[in-house]
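The structure under discussion appears below in the form of structure tokens.
Quick note on labels: first sequence line is chain A, next is B, and so on, each numbered from 1. Model, not experiment: these values are computed from the prediction.
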Amino acid sequence: MATRHWLFKSEPEVFSFDDLWKAKGRTTSWDGVRNYQARNLLRDEIKKGDLVLYYHSNADPQVVVGVCEVVKEGHPDLTQFDPKSDHYDPDAEEGNPRWYVVDIKARDRLERPVSLPELKVAKGLDGLMLTKKGSRLSVQPVSPEHFARILEIAQEKPKK
DNA sequence: GCCAACGTTGGC
DNA sequence: GCCAACGTTGGC
């Protein structure tokens, strides 16, 4: 199957691309997703070898900063069973997990971060979910064309 | 800090 | 099953 492409949002205050870069093996489990649409993608759609754009939301500025690779496909998010976790879900049953993660490994830092305003005005990114109004999904599909275009923009000089 | 957009919950 | 109330996300 062809490699597919995704975009994951993270608040850098919580877990930045630098944090991932410094993590053991530059790898982390993408835990804490508590939205069913995103869960379905993590559990069913996102495959080993897929590529992920790492996006900093709720940041100043909001930027795409790096590329990661999926190194482990959907498996249960253990934080749902941990009462001490912020992501604890009292309704999740052992043996019948409700929430899933994939593991991602940081692969490349972009030449430069590409900001949300740039993505909005860039040519060739029509229909990108990230720039749609009201699009809050924290795990989003990205078309191969859009993915390539964003990497290309990162190679270009920043526009003021 | 505000608030629009959207998702979830729960009463009926 | 409807929908109002509430909670969260995330841009501004």
Atom [atom1] of [X] and atom [atom2] of [N]: how far apart are they, to the nearest Å?
X: A:Lys9; N: C:dT9; atom1: NZ; atom2: C1'; result: 8 Å
X: A:Gln140; N: C:dG10; atom1: CD; atom2: P; result: 9 Å
X: A:Asp60; N: C:dG10; atom1: CG; atom2: C1'; result: 13 Å
X: A:Leu130; N: C:dT9; atom1: CG; atom2: P; result: 16 Å
X: A:Arg39; N: B:dT8; atom1: CZ; atom2: C1'; result: 14 Å
X: A:Glu11; N: C:dT8; atom1: CD; atom2: C1'; result: 10 Å

Note to self: Using a 4.0 Å heavy-atom cut-off, does A:Gln62 contact any base of the nucleic acid, only the sugar-phosphate backbone, or nothing at all?
What the structure shows: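 The answer is sugar-phosphate, as A:Gln62 gets under 4.0 Å only of primed atoms, P, OP1 or OP2.
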Notebook entry, point to check: Under the criterion side chain to side chain contact (heavy atoms under 4.5 Å, CB included), which of A:Leu7, A:Val67, A:Val52 is the partner of A:Phe147?
Noted result: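 For A:Phe147, the side chain to side chain contact (heavy atoms under 4.5 Å, CB included) check succeeds only for A:Val67.
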Protein N or O to nucleotides 5-7 of chain B N or O, pairs below 3.5 Å:
| residue | atom | partner | partner atom | Å |
| --- | --- | --- | --- | --- |
| B:dA5 | OP1 | A:Lys133 | NZ | 2.8 |
| B:dA5 | N3 | A:Arg136 | NH1 | 3.0 |
| B:dC6 | O2 | A:Arg136 | NH1 | 2.7 |
| B:dC6 | O2 | A:Arg136 | NH2 | 2.9 |
| B:dG7 | O4' | A:Arg136 | NH2 | 3.3 |

Quick one: side chains of residues 57-64 of chain A, donor-acceptor pairs under 3.5 Å with protein atoms, not counting sequence neighbours, listed by atom name and distance.
| residue | atom | partner | partner atom | Å |
| --- | --- | --- | --- | --- |
| A:Asn58 | ND2 | A:Glu11 | OE2 | 3.3 |

Notebook entry, point to check: When A:Asp77 is tested against each of A:Arg34, A:Arg98, A:Arg39 for salt bridge (Lys or Arg N to Asp or Glu O under 4.0 Å), which residue passes?
Noted result: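 The single option meeting the salt bridge (Lys or Arg N to Asp or Glu O under 4.0 Å) with A:Asp77 is A:Arg34.
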Item checked: salt bridge (charged side-chain N to carboxylate O under 4.0 Å, His left out) contacts touching residues 143-154 of chain A (sequence neighbours left out) ->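 As it turns out, the salt bridge (charged side-chain N to carboxylate O under 4.0 Å, His left out) pairs with a partner in residues 143-154 of chain A, which skip direct neighbours, are A:Arg149-A:Glu152, A:Arg149-A:Glu156.
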Margin query: Which Ile, Leu, Val, Met, Phe, Trp or Tyr residues join A:Val101 in one cluster when any pair of side-chain heavy atoms under 4.5 Å counts as a link?
Written below: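 Its cluster mates, by chain and number: none.
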Check: Restricting to pairs with a member in residues 124-139 of chain A, which pass side chain to side chain donor-acceptor pair (under 3.5 Å), not counting sequence neighbours?
Finding: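 Sorted pair list: A:Ser135-A:Gln140.
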Note to self: Just to be sure I understand: a Watson-Crick pair is purine N1 to pyrimidine N3 plus N6-O4 or O6-N4, both under 3.5 Å. Using that and G-U wobbles, which stems of three or more pairs involve DNA chain C?
What the structure shows: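 B:1-12 with C:1-12 - these are the stems of 3 or more pairs that involve DNA chain C.
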Notebook entry, point to check: Got a sec, which pairs hit ring-ring contact (aromatic ring centres under 6.0 Å, His included) with one end in residues 82-102 of chain A, sequence neighbours left out?
Noted result: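 Non-adjacent pairs meeting ring-ring contact (aromatic ring centres under 6.0 Å, His included): A:Tyr36-A:Trp99.
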Check: Looking only at side-chain N and O atoms, does A:Lys120 come under 4.0 Å of OP1 or OP2 in C:dC12?
Finding: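 True: A:Lys120 side-chain N/O within range (under 4.0 Å) of C:dC12 OP1/OP2.
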With sequence neighbours excluded, tell me which residues meet salt bridge (Lys or Arg N to Asp or Glu O under 4.0 Å) with [X].
X: A:Arg43; result: none
X: A:Asp44; result: none
X: A:Glu45; result: A:Arg4

Return all side-chain donor-acceptor pairs below 3.5 angstrom for residues 23-31 of chain A, not counting sequence neighbours, or 'none' if the list is empty.
| residue | atom | partner | partner atom | Å |
| --- | --- | --- | --- | --- |
| A:Thr27 | OG1 | A:Gly25 | O | 2.7 |
| A:Ser29 | OG | A:Asp103 | OD1 | 2.6 |

Notebook entry, point to check: Considering only heavy atoms, which members of residues 81-93 of chain A lie under 4.0 Å from some atom of DNA chain B?
Noted result: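 The stretch gives none, as no residue of it lies under 4.0 Å from the strand.
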